[in-house]
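Below: one structure, written as structure tokens.
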Amino acid sequence: MKRNWKILLLVCTVLALIAGTILLIATRDIPVLDPEGVIARKEKDLLVTTALLMVLVLIPVFGFTLFFAYRYREGKEGGSYEPNWEHNYLAECFWWGIPVFIILILSILTWKTTHDLDPFKPLSSDKPAVPIQVVALQWKWLFIYPEEGIATLNYVQFPEKTPIDLTLTSDAPMNSFWIPRLGGQIYAMSGMRSQLHLMADREGSYRGSSAHLSGAQFADMVFEAKVSSEEEYASWVEEVRSAASSLTFAQYEDLAKPGVDKGVGYYTVDPDLFEEILGQYTRSTRK
């Protein structure tokens, strides 16, 4: 009788852990599970699909573990004794067939989503994309709008339901750009450029951050991504143009010095500033 209570307690504990985990995920504000962009939504679907496929493995494993522990426990009578048993085709098909089937599905998903979610792949839309150049500094973010001739520090704004063409580099240690509710992370490296295409579904303010350890204060390397209407975005651009101070390359070099700046800055810039930043590294490699 005591053994039966122990088994029942073990089963209840496992079920309680599973229920607690599900409740924790359901009640916590987890950005990647609450997408607000077309890319982030596809990434969430992929995450949920792969997790459910993994559950198809976990449930039989834990189920049979409890079953065998109970069925073949010490003192259990009435079980058949087959010391020469060595093979069963049904069992072999079961424990090899299911994993192979799951791996096959994951392979197809990987092939499809690798091409569909390629960060260099432009998003289809009837609206022209807004190009934004991103520079990862130590420990702050600089956003350059080459077509508007403006730049912002630790703040980026763009219109809703409009593709955003992000070109990224770093003028500091390698870093990773991430807005969890809008899409996956992409690395930014010194002297190199990478791309990321995003599109927000609706207006809102979202947290962006560094997703790669880049020094003692990388946790403070956060920024605000504001998604607004097209009219509000156009008004904001004009406001920045009329009120912002000019950012020359000499002033940029001072801004790029290591340090945390949690404030938001607005500047008017030369549209070629991003290329000048990249040029620092290409010129040095040619010497």
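In what follows, residues are counted from 1 in the order of the sequence shown. Computed from heavy atoms alone, side chains included, the values below leave out hydrogens, waters and symmetry copies.
Side-chain contact between Gln138 and Gln217: absent, with no pair of heavy atoms (C-beta onward) separated by less than 4.5 Å.
Under the rule for a side-chain contact (heavy atoms from CB on, under 4.5 Å), the partners of Pro122 that lie at least two apart in sequence or sit in another chain are His197.
Between Lys226 and Glu232 there is a salt bridge, since at least one side-chain N of the basic residue sits less than 4.0 Å from a carboxylate O of the acidic one.
Annotation: Phe177 is in aromatic contact with Phe223 [ring centroid separation under 6.0 Å]. Aromatic pair Tyr187/His212: ring centres closer than 6.0 Å. Annotation: Trp178 is not in aromatic contact with Phe218 [ring centroid separation under 6.0 Å not met].
Distance check: Ser194 OG to Met189 CE gives 5.5 Å after rounding to the nearest 0.5 Å.
For the residue pair Ser229/Glu160, the side-chain donor-acceptor check at 3.5 Å is not satisfied.
Relative ring orientation between Trp111 and His115 is described as tilted, the plane-to-plane angle lying within the 30° to 60° band.
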| said: Before you tell me yes or no, could you show the steps for Tyr155 and Trp141 under ring-ring contact (aromatic ring centres under 6.0 Å, His included), namely the whole-Å CA-CA distance, both residues' side-chain angles and the distance that decides it to 0.1 Å? | reply: CA-CA 8 Å; Tyr155 178 86; Trp141 295 94; over 10 Å; no

| field | Asn175/Ser210 under side chain to side chain donor-acceptor pair (under 3.5 Å): CA gap, chis, key distance, verdict | value | CA-CA 7 Å; Asn175 217 305; Ser210 164; 2.6 Å; yes

| message | Could you walk me through whether Arg181 and Asp34 satisfy the salt bridge (charged side-chain N to carboxylate O under 4.0 Å, His left out) test, starting with their C-alpha distance in whole Å, then the side-chain angles of each, then the deciding distance to 0.1 Å, before giving a yes or no? | response | CA-CA 6 Å; Arg181 291 190 188 275; Asp34 185 22; 2.6 Å; yes

| task | For Arg193 and Glu275, run salt bridge (charged side-chain N to carboxylate O under 4.0 Å, His left out): C-alpha distance rounded to whole Å, both residues' side-chain angles, the deciding distance at 0.1 Å, then the answer. | result | CA-CA 10 Å; Arg193 70 178 74 207; Glu275 298 301 328; 2.9 Å; yes

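Remark: the backbone N or O of Pro173 is not paired with any side-chain donor or acceptor of Ser214 at under 3.5 angstrom. Between the Lys140 side chain and the Gly259 main chain, a donor and an acceptor come within less than 3.5 Å of each other.
The two residues Ile102 and Met54 have their closest heavy-atom pair at CG2-CE, 4.0 Å.
Annotation for Phe120: atom CZ counts as buried by contact number, over 12 foreign heavy atoms lying within 6.0 Å.
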